[in-house]
Amino acid sequence: MCINKDELLNRVAEIRNLKAMKEELDNQLKSLEFDVISFMKETEQSEYIGTDFKVTYKPQSRTTLDKKALQDILGDDLQPFEKVATYNVLRIR
């Protein structure tokens, strides 16, 4: 199914409109999440169970590798340790 140029213009306009709405909703979500985080901090709770929901606010950690430090130890050839993911990206400006 291929669309014509007029339909493409309509799709791009609709995408822009929806992205603007998404940004507005993301801002509203962040504000509400901030309120929940504030409640959890003020009450010094890491978990709260309501009637139909459960909120947790706990530390989480992630381990990453320091590429610079690896290069200092192993040299500049880190290619055997690299993993490359290739995917298509749609950008509309």
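Just so we're clear, the structure is a prediction, and the values are computed from it rather than from any experiment.
Leu29 and Met21 fall into different hydrophobic clusters, where Ile, Leu, Val, Met, Phe, Trp and Tyr are joined by side-chain heavy atoms under 4.5 Å apart, directly or via other members. Under the 4.5 Å side-chain heavy-atom criterion for Ile, Leu, Val, Met, Phe, Trp and Tyr, Ile15 and Leu9 are members of distinct hydrophobic clusters. Taken together through direct or relayed side-chain contacts under 4.5 Å among Ile, Leu, Val, Met, Phe, Trp and Tyr, Leu65 and Phe81 form part of one hydrophobic cluster. Criterion: ILVMFWY side-chain heavy atoms under 4.5 Å apart, direct or through other members. Under it, Leu32 and Phe53 are not part of a common hydrophobic cluster.
Between Lys67 and Leu78, the closest heavy-atom pair is CG-CD1, 3.8 Å. Heavy atoms only, all atoms of each residue included: Asn4 and Asp6 are closest at OD1-N, 3.1 Å.
Distance alone, capped at 3.5 Å, places no donor-acceptor pair between the Glu23 side chain and the Ala20 backbone. Distance alone, capped at 3.5 Å, places no donor-acceptor pair between the Ser31 side chain and the Asn27 backbone.
With rounding to the nearest 0.5 angstrom, the CD atom of Gln60 is 9.5 Å from the CZ atom of Arg62. In this structure, the separation between CG on Asp26 and CD on Glu33 is 9.0 Å, given to the nearest 0.5 Å.
Open room surrounds CD on Gln79; 12 or fewer heavy atoms of other groups in view lie less than 6.0 Å from it. Heavy atoms of other residues, nucleotides or ligands lying less than 6.0 angstrom from CD of Glu24 number 12 at most.
You'll find the side chain of Ile49 reaches within 4.5 Å of the side chain of Glu47, heavy atoms only. Between Tyr48 and Tyr57 there is no side-chain heavy-atom pair separated by less than 4.5 Å.
Evaluated for a side-chain contact (heavy atoms from CB on, under 4.5 Å) with Leu70, the options Leu74, Asp72, Asp66 yield exactly one hit, Leu74.
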